[in-house]
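All values reported here derive from a predicted model rather than from experimental measurement.
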Amino acid sequence: MELQNLPIGIQDFAKIRKEGFLYIDKTDLIYKLIMGGNYYFLSRPRRFGKSLLMSTIHAVFDGKRELFDGFAIADKPDMDWVKHPVLHLDLNTNKYDDKTVLEQKLDDSLSEWENEYGCANRDLPYGMRFEKVIQRAYDKTGQRVVILIDEYDKPMLQAIGNEELQNEFRNTLKGFYGALKSKDGCIQFALLTGVTKFGKVSVFSDLNNLEDISMDLQFHNICGLTDKELTSTLKDYVESLAVANDMTIDDTIQKLRVMYDGYHFHPKGCGMYNPFSVLNTFKKKEFGSYWFETGTPTYLAELLRRHNYNLAKMASCQTTSKVLDSIDPNSTSPIPVIYQSGYLTIKDYDPQFKLYTLGFPNEEVEEGFVDFLMPYYTPISGVDTAFNIQKFVQDVNAGNTELFIKRLKTLFANTPYELVKDLENHYQNVIWILFILLGYHVQAEYHTSEGRIDLVLQTPKFCYVMEFKLDGTAEEALAQIEDKHYTLPFELNGQTIIRVGMNFSKETRNIENVLIG
């Protein structure tokens with residue numbers, strides 16, 4: 001059976017339908033959205049289908065009933081399919097490194113709408129021009145206006161770390177988006193999407209009628225793919241992938257889950273697959289890190305480094321919905337940005353204390369993100385050939401502690417001074433990144449009843465319990481492991497326990513001495 005072409009990189013709903021590409025029917029949720037309110041905000045990670053969602057809603061309000069034959073929304077009795085004026089702004093198409101780029105983008109869009117609806121107000125501020133366009137479109141057509149703004153936060157995100165530029169973007173956008181409230185009587189429906197939600201200094205903080213559905217259970221699956229969709233609508237693609245990789249159907253589905261599933265946008269919501277990665281896997285018949293190949297924003301690494309954040313803590317942290325809900329650019333925690341960007345997701349929820357436990361959603365994200373971070377913490381790609389990854393793995397697996405410590409010293413010796421600010425945290429981050437990349441089960445700051453272990457590394461045969469000191473002694477580190485009985489939780493695991501006390505020197509910025517017990 002011939003499979004439909006997959007719409008990789010195609011975000012235009014009309015093109016998908018007219019040219020016979022596959023479309024996963026989300027129109028029942030779109031119908032519920034349209035009928036349930038007027039003003040919405042939705043945040044989702046990049047490449048998660050936000051632009052296609054916007055294009056599909058655009059087609060609905062264009063009255064293009066013929067494009068929806070066979071889909072859930074087509075036969076809804078209260079859908080009138082009346083054509084509305086649609087003002088669709090996509091901010092994802094530019095690099096916002098200067099305030100004039102945003103100003104030009106807004107001016108171009110406003111000029112296009114002004115020409116379409118016959119009004120000229122180029123001497124007015126952007127917000128007032130937007131108001132007049134909305135009013136004119138309503139007056140001219142007799143239908144209330146639909147406003148779709150895709151990737152509203154792109155300028156703000158690209159200005160993280162540049163307070164002056166971010167303030168300029170915020171002031172420009174806040175005035176522009178203010179038209180949504182002042183012209184409420186002329187507006188039928190509005191949806192703003194983005195990767196993040198900025199709080200406190202939000203560009204739409206005055207829009208108290210904007211409903212945030214980012215963590216709304218009834219819309220948790222409006223973007224992305226569910227397990228049900230994978231095993232029903234996409235089952236023929238799963239079978240084709242299984243044949244190409246000489247795998248069973250069950251093994252193929254399981255690998256897809258491990259690689260691309262696991263995003264949760266509500267504690268009770270089902271796991272969501274990254275659609276971009278899944279569709280690329282089906283097309284190329286190979287499992288790969290397709291999401292990361294499209295590029296990871298550098299602002300994420302800059303945030304982590306600027307705040308000297310402990311990476312192991314990031315990978316398994318607890319937080320509240322208030323923290324996750326919005327971003328404060330002045331906060332010292334990068335967790336909201338990392339979460340809303342899709343690199344962390346909800347793993348568990350404690351209803352008693354209203355605490356969310358976060359973690360990497362899947363293997364693609366964990367490996368890709370850690371690999372992406374490595375150059376920001378140490379130039380691993382440029383180290384001497386003495387630091388050989390394969391040899392390192394062999395040493396750790398064989399329990400050759402002295403040899404892999406020597407390789408660690410080689411790594412730290414090649415770390416430029418300017419990369420090192422908080423030495424103790426830096427060393428722990430580098431070791432954690434390295435072991436994750438090598439595929440080991442690593443826990444940093446492992447809590448016991450008597451204290452907190454700096455790092456636990458487990459292989460099939462060995463359990464390394466490691467304690468670090470900065471300008472202390474390796475003897476003190478090893479004594480702490482013994483005195484606080486750090487090995488006790490692992491003594492029944494059947495592994496050989498290796499105790500490692502390690503001292504780092506501020507002066508040499510390297511491992512000074514090590515004791516193994």
Would you kindly say whether [X] and [Y] are connected by a side-chain donor-acceptor distance under 3.5 Å?
{"X": "Gln166", "Y": "Asn162", "result": "no"}
{"X": "Tyr126", "Y": "Asp107", "result": "no"}
{"X": "Gln135", "Y": "Asp139", "result": "yes"}
{"X": "Tyr31", "Y": "Asp78", "result": "yes"}
{"X": "Lys154", "Y": "Asn92", "result": "yes"}
{"X": "Glu131", "Y": "Ser182", "result": "yes"}
{"X": "Glu103", "Y": "Thr172", "result": "no"}

For a quick test of reading the model, state the closest non-hydrogen atom pair linking Ser341 to Pro45 and the distance between them.
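Closest pair (atom of Ser341, atom of Pro45, distance): O-CB, 3.5 Å.
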
Give the minimum heavy-atom separation between Ala72 and Asp25, together with the two atoms involved.
N-OD2, 2.9 Å

Within a 6.0 Å radius of atom [atom1] on [X], are there more than 12 heavy atoms belonging to other residues, nucleotides or ligands?
{"X": "Lys15", "atom1": "NZ", "answer": "no"}
{"X": "Asn115", "atom1": "CG", "answer": "yes"}
{"X": "Glu66", "atom1": "CD", "answer": "yes"}
{"X": "Lys285", "atom1": "NZ", "answer": "yes"}
{"X": "Lys347", "atom1": "NZ", "answer": "yes"}

State which residue, out of Leu358, Ile335, Thr357, fulfils the side chain to side chain contact (heavy atoms under 4.5 Å, CB included) condition with Gln318.
Thr357

Val82, Val145, Leu148, Val86 screened by side chain to side chain contact (heavy atoms under 4.5 Å, CB included) with Phe61, the one that passes
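Among Val82, Val145, Leu148, Val86, the one meeting side chain to side chain contact (heavy atoms under 4.5 Å, CB included) with Phe61 is Val86.
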
Could you check whether any side-chain N or O of [X] sits under 3.5 Å from a backbone N or O of [Y], counting only pairs where one atom can act as donor and the other as acceptor?
{"X": "Asn38", "Y": "Phe189", "value": "no"}
{"X": "Lys64", "Y": "Lys83", "value": "no"}
{"X": "Thr345", "Y": "His264", "value": "yes"}
{"X": "Tyr237", "Y": "Lys283", "value": "no"}
{"X": "Lys105", "Y": "Tyr96", "value": "no"}
{"X": "Ser289", "Y": "Gly368", "value": "no"}
{"X": "His58", "Y": "Ser55", "value": "no"}
{"X": "Asn362", "Y": "Val365", "value": "yes"}

Charged N-O contact under 4.0 Å between Lys26 and Glu229
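Glu229 and Lys26: salt-bridged.
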
To the nearest 0.5 Å, what is the distance between CE (Met156) and CG (Asp153)?
8.5 Å

Would you sort out whether Lys235 and Ile249 count as a side chain to side chain contact (heavy atoms under 4.5 Å, CB included), showing the intermediate values?
CA-CA 9 Å; Lys235 65 182 181 63; Ile249 299 295; over 6 Å; no

Can you find a heavy atom in the side chain of [X] that is under 4.5 Å from one in the side chain of [Y]?
{"X": "Thr56", "Y": "Phe68", "result": "yes"}
{"X": "Asn221", "Y": "Phe265", "result": "no"}
{"X": "Lys284", "Y": "Tyr290", "result": "yes"}
{"X": "Phe176", "Y": "Tyr152", "result": "no"}
{"X": "Leu89", "Y": "Leu87", "result": "no"}
{"X": "Tyr39", "Y": "Leu192", "result": "no"}
{"X": "Met215", "Y": "Tyr356", "result": "yes"}
{"X": "Thr281", "Y": "Leu279", "result": "no"}

Walk me through it: do Arg65 and Asp69 pass the test salt bridge (Lys or Arg N to Asp or Glu O under 4.0 Å)?
CA-CA 7 Å; Arg65 164 67 177 75; Asp69 283 340; 2.4 Å; yes

Do Tyr177 and Phe130 pass the ring pair (Phe, Tyr, Trp, His ring centres under 6.0 Å) test, and can you show the C-alpha distance, the side-chain angles, and the key distance before you say yes or no?
CA-CA 8 Å; Tyr177 294 140; Phe130 196 20; 7.9 Å; no

Do the rings of [X] and [Y] sit parallel, tilted or perpendicular, given the 30° and 60° boundaries?
{"X": "Trp291", "Y": "Tyr343", "answer": "tilted"}
{"X": "Tyr40", "Y": "Phe219", "answer": "perpendicular"}
{"X": "Phe360", "Y": "Phe369", "answer": "perpendicular"}

Test side chain to side chain contact (heavy atoms under 4.5 Å, CB included) applied to Leu225 and Asn274, step by step:
CA-CA 7 Å; Leu225 299 173; Asn274 182 320; over 6 Å; no

Given the ring of Trp113, does Arg136 sit roughly above its face, with NZ or CZ under 6.0 Å from the centre of the six-membered ring and within 45° of the axis?
no

Residues Asp150, Lys50; criterion salt bridge (Lys or Arg N to Asp or Glu O under 4.0 Å); working and verdict
CA-CA 8 Å; Asp150 205 1; Lys50 298 188 298 295; over 6 Å; no

Can you spot which of Phe276, Tyr263, Tyr260 makes a ring pair (Phe, Tyr, Trp, His ring centres under 6.0 Å) with Phe48?
Tyr263

Are Arg44 and Leu42 close enough, and set up right, to give a side chain to side chain contact (heavy atoms under 4.5 Å, CB included), and what steps lead you there?
CA-CA 7 Å; Arg44 284 294 182 268; Leu42 173 69; 3.6 Å; yes

Evaluate Ile8 against Asn280 for side chain to side chain contact (heavy atoms under 4.5 Å, CB included), listing each step before the verdict.
CA-CA 7 Å; Ile8 297 172; Asn280 270 284; 3.7 Å; yes

Could you walk me through whether Thr193 and Glu151 satisfy the side chain to side chain donor-acceptor pair (under 3.5 Å) test, starting with their C-alpha distance in whole Å, then the side-chain angles of each, then the deciding distance to 0.1 Å, before giving a yes or no?
CA-CA 5 Å; Thr193 70; Glu151 305 291 359; 5.3 Å; no

